[in-house]
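Below is one structure, written out as structure tokens; comments come after it.
Computed from a predicted structure; not experimentally measured. Note that these values count all heavy atoms, side chains included, but never hydrogens, waters or copies made by symmetry.
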Amino acid sequence: MIKEILRMGDPRLLEASQAVRDIAAPELARLVDDMFDTMHAANGAGLAAPQIGVPLRVVIFGYSDPDARNPRYPDADPVPQTILINPIIDLLTEEIEEGWEGCLSVPGLRGVVPRCAKIRYRGVDLQGKAIDRAVDGFHARVVQHECDHLDGILYPMRVRDFSRFGYTDILFPEMADADD
Ligand code: NI
């Protein structure tokens, strides 16, 4: 079911979310279904449970078709479709990369955000199977962005240079038909 996405200013987006205790709970599978429905309806690259008002440490991101490109991020490398529960991120380098980000909770805007260039992330999927990946580039950026939501952090809180923060249709006129 497509859920309403909370928007910046809603205090629920600023709260730290709780760890999932029961991976097998049917409510958890339903939550993940709702998150995919909601993310796909909005053409998002990822979504975190608190964005639909559920304060649990669950994020989803990526695409089932490995050749798919998100229309909102046409130049990005494909990211495998992933359900990540109770994630842990380790930073693998001190190198910081800048890149444009948007967020379904901050519609219509984009900003340049500095992120760690290479990370390892771990967690479990909906079957309780371990996920353990070392990634860089856009994949690393998406994971850091989504996991930030679990700690109540929205990307504008990480923008350093506000001369590179603005309305998507002004910054990128060729993307004027983007959903947010
Ligand atoms: Ni976001």
Measuring from [X]:[atom1] to [Y]:[atom2], what's the distance to the nearest 0.5 Å?
| X | Y | atom1 | atom2 | value |
| --- | --- | --- | --- | --- |
| Glu146 | Cys103 | CD | SG | 7.0 Å |
| Asp151 | Leu14 | CG | CG | 12.0 Å |
| Ile119 | Gln144 | CD1 | CD | 4.5 Å |

Checklist line | side chain to side chain contact (heavy atoms under 4.5 Å, CB included) evaluation trace for Leu154 with Asp148 | finding: CA-CA 7 Å; Leu154 299 170; Asp148 262 358; over 6 Å; no
Between [X] and [Y], is there a donor-acceptor pair closer than 3.5 Å when you use the side chain of the first and the backbone of the second?
| X | Y | result |
| --- | --- | --- |
| Asp125 | Lys129 | yes |
| Asn86 | Gly123 | no |
| Thr82 | Leu84 | no |
| Glu95 | Lys118 | no |
| Asp34 | Met1 | yes |
| Asp10 | Arg12 | yes |

With the side chain counted from C-beta on, respond yes when [X] and [Y] share a heavy-atom pair under 4.5 Å apart, and no when they do not.
| X | Y | answer |
| --- | --- | --- |
| Ile52 | Met35 | yes |
| Leu6 | Pro50 | no |
| Ile60 | Met39 | yes |
| Val58 | Leu31 | yes |

Could [X] and [Y] be called an ion pair, given the rule that one side-chain N must be under 4.0 Å from one carboxylate O?
| X | Y | answer |
| --- | --- | --- |
| Arg115 | Asp136 | no |
| Arg141 | Glu101 | yes |
| Arg164 | Asp161 | yes |
| Lys3 | Asp37 | no |

Do [X] and [Y] belong to the same hydrophobic cluster, where Ile, Leu, Val, Met, Phe, Trp and Tyr are linked whenever their side-chain heavy atoms lie under 4.5 Å apart, directly or via other members?
| X | Y | answer |
| --- | --- | --- |
| Ile96 | Ile89 | no |
| Val59 | Ile2 | no |
| Phe162 | Met157 | yes |
| Leu92 | Val143 | no |
| Ile88 | Val135 | no |

Minimum heavy-atom distance between [X] and [Y], given as atom pair plus value:
| X | Y | value |
| --- | --- | --- |
| Pro114 | Arg158 | CD-O, 3.4 Å |
| Gln51 | Ser105 | NE2-OG, 2.9 Å |
| Met8 | Leu13 | N-CD1, 3.6 Å |
| Arg57 | Ser17 | NH1-O, 3.0 Å |
| Leu28 | Ile23 | CD2-O, 3.4 Å |
| Leu104 | Gly46 | CD1-O, 4.2 Å |

So with a 6.0 Å cut-off around [atom1] of [X], is the heavy-atom count from everything else above 12?
| X | atom1 | result |
| --- | --- | --- |
| Tyr167 | OH | no |
| Arg133 | CZ | yes |
| Glu98 | CD | yes |

Notebook entry, point to check: Are Ile131 and Arg122 close enough, and set up right, to give a side chain to side chain contact (heavy atoms under 4.5 Å, CB included), and what steps lead you there?
Noted result: CA-CA 5 Å; Ile131 293 169; Arg122 287 172 286 170; over 6 Å; no
Next item on the list: For a side-chain contact (heavy atoms from CB on, under 4.5 Å) with Phe165, tell me which candidate from Val159, Val113, Val112, Leu171 qualifies.
Entry: Val159
Next item on the list: Measure from the ring center of His149 to the ring center of Tyr155 and say whether it is less than 6.0 Å.
Entry: no
Item checked: Parallel, tilted or perpendicular, as decided by the 30° and 60° cut-offs, for the rings of Phe61 and Tyr121 ->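 Taking Phe61 first and then Tyr121, their aromatic rings stand perpendicular (interplane angle over 60°).
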Item checked: No-hydrogen, no-angle side-chain donor-acceptor test under 3.5 Å, His40 and Tyr63 -> no
